[in-house]
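Heads up: the structure comes next, in structure tokens.
Atoms within each ligand, like the ligands themselves, are counted from 1 in listed order.
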Amino acid sequence: MADIKTTCCIAGGGPAGMMLGFLLARAGVPVVVLEKHVDFLRDFRGDTVHPSTLEMMRELGLLDEFLKLPHSEVKEIAMQIGDDRVVIGHFESLPVHCKFIAMMPQWDFLNFLSRHGRTYKTFDLRMQAEATDLIEEGGRVVGLIAERPEGEVSIRADLVVGCDGRHSTVREKAGLKSDDYGAPMDVLWFRLSRKETDESETFGHFEAGAMMIMLNRGDYWQCAYVIPKGGIEKVKAEGLDAFRKRVLFMSPFLGDRVDELKSFDDIKLLTVAVDRLRQWWRPGLICIGDAAHAMSPIGGVGVNMAIQDAVASANRLAAPLKAGTVSDEDLRAIEARRTFPMRFTQGLQLMIQKRIISPTLASTQRPKPPLLFKIVGAVPLLQRIPGRLLAVGVRPEHIHTPDMLAKA
Ligand SMILES: Cc1cc2nc3c(=O)[nH]c(=O)nc-3n(C[C@H](O)[C@H](O)[C@H](O)COP(=O)(O)OP(=O)(O)OC[C@H]3O[C@@H](n4cnc5c(N)ncnc54)[C@H](O)[C@@H]3O)c2cc1C
């Protein structure tokens, strides 16, 4: 078994892991990031880069280069509910430089972080490296074991960070306990080609017993069809043709290409979970991002929250990691700082699940916008509140870590 020694070992190269790895390396901390896949090219990742994340890109001096990557810009939150289109939030008055959500394939975002990470010699990203177990000594985590194509590797580190998502191996092996808040839905994820003549907007559509979100990805639509939790067997029993009809009911303009769905292999099931760890850390280890708090897709805020966790962690950890003095108090402080934003955001998601998603999925009547949505839709001033909550969230983080390559 090969051995590696580093200062910080991060399991998982998603938004949380890549941002934390980049920031620590930029601050001069030796860091190894392990990603189990061979590349970042997966379809099911969230594609939303929020104004608060764009603000961090600006603080890092990377915004102009970042916005050269292909993306589209969402400036308001609109929904089609039955016959009515309602705007429930806009981003015009946000106290940030980019007053829009950038819709960008997540692999472009992660590749961007990886490219910039590699400019620091302290950044070591290992693809096809799956964390499988922890190394413990005297009740303290001192490293982890990873499976690579050439065999097992043991990595010793002053700190292990679990950023391996909502099915985290690290949190399971660490024995950290979570509370499961439940989700009434799962999501069927598929793509259909997009034509120049289609509308360009990314949008969500609610009908009796059905919800579909379509993300504009240039030459194709990334579609998310929401079904009741555990409902996949029913969808399969009804057959592919019935599913194509469901899709057409939501978006009749797809009639000339819905046959691109040739089998259920073209449709991926994404199970939705909402949970949160009771304690995010143990001596020598902390979990952040979905590994600490799995997010519902509602609002498309999970990526942003994972990045906020990473920035808060880097701000607190960079100096003690460099000095070799990282302590339980540092880990406790990160959890304390991030728990309120998470509790608040997941609380909103749970309320929307209960008040809107569950009734819509159970309903046989054409839905009408709730009264609150109608009021907000009629008063642009009120649209600032959901706009701000979604785009910036509560207690937004800022970059406080240094850049070791910056000219004095
Ligand atoms: C259906 C659905 C749609 C969503 N849509 C959006 C959206 O549009 N916008 C949004 O902001 N959020 C969305 N979310 C939530 C969002 O995906 C997550 O909150 C966010 O990705 C969390 O980032 P993360 O870095 O913590 O974890 P992840 O993005 O899950 O990244 C974890 C990484 O770790 C790797 N990994 C896993 N196990 C190991 C291991 N043992 N060793 C090494 N590597 C490992 C994985 O391959 C992955 O790259 C959605 C969620 C769901 C379920």
Side-chain angles (χ1 to χ4, degrees), residues 9-21 32-50 52-53 74 101-107 109-110 113-114 125-134 144-148 153 155 160-173 183 185-190 202 204 211 213-215 217 222-227 229 268-276 287-310 313 338 342 345-346 349 390-391 393:
C9 180
I10 298 171
M18 290 302 292
M19 190 65 164
L20 180 61
V32 174
V33 183
L34 308 173
E35 167 53 49
K36 72 175 176 183
H37 289 100
V38 69
D39 56 32
F40 298 123
L41 286 175
R42 281 179 305 294
D43 250 347
F44 56 86
R45 294 171 175 280
D47 284 351
T48 45
V49 183
H50 282 235
S52 50
T53 303
V74 176
I101 291 179
M103 300 296 299
M104 180 185 292
Q106 200 186 103
W107 53 83
F109 179 49
L110 297 177
L113 290 177
S114 140
L125 170 64
R126 312 250 170 151
M127 305 302 284
Q128 286 186 286
E130 178 171 2
T132 52
D133 213 345
L134 300 175
L144 53 70
I145 308 286
E147 197 63 52
R148 301 214 66 200
V153 191
I155 301 153
V160 168
V161 187
C163 297
D164 48 346
R166 59 193 196 278
H167 305 296
S168 170
T169 302
V170 169
R171 90 183 196 181
E172 186 210 317
K173 296 288 178 188
M185 77 281 202
D186 287 326
V187 176
L188 299 181
W189 204 243
F190 54 93
T202 284
M211 294 166 53
I213 290 101
M214 292 177 65
L215 309 178
R217 283 224 182 128
Q222 184 66 57
C223 305
Y225 191 97
V226 181
I227 58 170
K229 185 105 212 125
K268 292 192 185 73
L269 170 71
L270 293 186
T271 51
V272 177
V274 183
D275 64 25
R276 194 167 62 245
C287 289
I288 61 168
D290 269 21
H293 45 69
M295 302 297 289
S296 162
I298 293 171
V301 291
V303 168
N304 190 43
M305 299 309 286
I307 288 171
Q308 301 269 329
D309 280 4
S313 303
R338 295 302 302 154
M342 290 321 309
T345 310
Q346 288 182 319
Q349 291 186 322
L390 188 86

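- The atoms of ligand 1 that sit less than 4.0 Å from any heavy atom of Leu34 are 43 (C), 44 (N).
- In the vicinity of Val301, heavy-atom distances shorter than 4.0 Å reach the ligand 1 atoms 10 (C), 11 (O).
- Under 4.0 angstrom from ligand 1, the non-hydrogen atoms of Pro15 come from both its backbone and its side chain.
- For Cys9 against Leu34, the heavy-atom pair with the smallest separation is SG-CD1, 3.9 Å.
- In terms of polar-atom proximity, defined here as any N/O pair under 3.5 Å, Val303 does make such a contact with ligand 1.
- The minimum heavy-atom distance linking Glu35 with Gly12 is given by the pair OE1-C, 4.0 Å.
- By the 3.5 Å distance cut-off applied to N or O atoms, Gly302 is counted among the residues near ligand 1.
- Considering backbone and side-chain atoms alike, Gln106 places every N or O at 3.5 Å or more from each N or O of ligand 1.
- Panel note: side chain Gln222, backbone Met214; no donor-acceptor pair is recorded below 3.5 Å.
- In this structure, Met18 does not count as a contact residue of ligand 1, since none of its heavy atoms falls inside 4.0 Å of the ligand.
- With ligand atoms numbered from 1 in the order given, ligand 1 contributes 26 (O) to contacts under 4.0 Å with heavy atoms of Gly289.
- For ligand 1, the atoms closer than 4.0 angstrom to any heavy atom of His37 are 47 (O).
- On a distance-only criterion, Leu270 and ligand 1 share no N/O pair closer than 3.5 Å.
- Distances from atom 36 (N) of ligand 1 to the heavy atoms of Ile307, Ile101, Asp164, Val226 show the closest one on Asp164.
- With hydrogens and angles ignored, the 3.5 Å screen pairs no side-chain donor or acceptor of Asp186 with any backbone N or O of Lys229.
- Note: an N/O pair closer than 3.5 Å links Thr48 and ligand 1 by distance alone.
- At a heavy-atom distance under 4.0 Å, only side-chain atoms of Thr169, from C-beta outward, approach ligand 1.
- Judged by distance alone, with hydrogens and angles left aside, the side-chain atoms of Gln346 form a donor-acceptor pair with the main-chain N or O of Ala294 at under 3.5 Å.
- When heavy-atom distances to ligand 1 are checked against a 4.0 Å cut-off, Cys163 comes that close only through its backbone atoms N, CA, C and O.
- Proximity of a side-chain donor or acceptor of His50 to a complementary backbone N or O of Gly300 within less than 3.5 Å is detected.
- Side chains of Asn304 and Ser52: a donor-acceptor N/O pair is present below 3.5 angstrom, by distance only.
- The minimum heavy-atom distance linking Val170 with Gly162 is given by the pair CG1-CA, 3.8 Å.
- Taking only nitrogen or oxygen atoms, main chain and side chain alike, Glu130 does not reach within less than 3.5 Å of ligand 1.
- Across all their heavy atoms, Met104 and Val49 have their closest contact at CB-CG2, 4.4 Å.
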If you apply the rule side-chain contact (heavy atoms from CB on, under 4.5 Å), what do you find for Val226 with Ile213, and how did you get there?
CA-CA 8 Å; Val226 181; Ile213 290 101; 4.3 Å; yes
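- With atom 31 (O) of ligand 1 as the reference point, the heavy atom nearest to it among Ala11, Gly13, Gly12, Gly14 is part of Gly14.
- Residue Asp290 has at least one heavy-atom neighbour below 4.0 Å for each of these atoms of ligand 1: 18 (C), 19 (O), 22 (C), 26 (O).
- The proximity of Ala129 to ligand 1, defined as any non-hydrogen pair under 4.0 Å, is limited to the backbone.
- The shortest N or O to N or O distance between Met295 and ligand 1 is not under 3.5 Å.
- For Ala16, a nitrogen or oxygen atom sits less than 3.5 Å from a nitrogen or oxygen atom of ligand 1, counting backbone and side chain alike.
- No donor-acceptor distance shorter than 3.5 angstrom exists from the side chain of Arg166 to the backbone of Asp275, with no hydrogens or angles considered.
- Selection from His167, Glu35, Met19 by nearest heavy atom to atom 46 (C) of ligand 1 gives Glu35.
- Ala224 and Val187 get closest at one heavy-atom pair: CB-CG1, 3.6 Å.
- Closest approach of Lys173 and Thr132 over heavy atoms only: CE-O, 3.1 Å.
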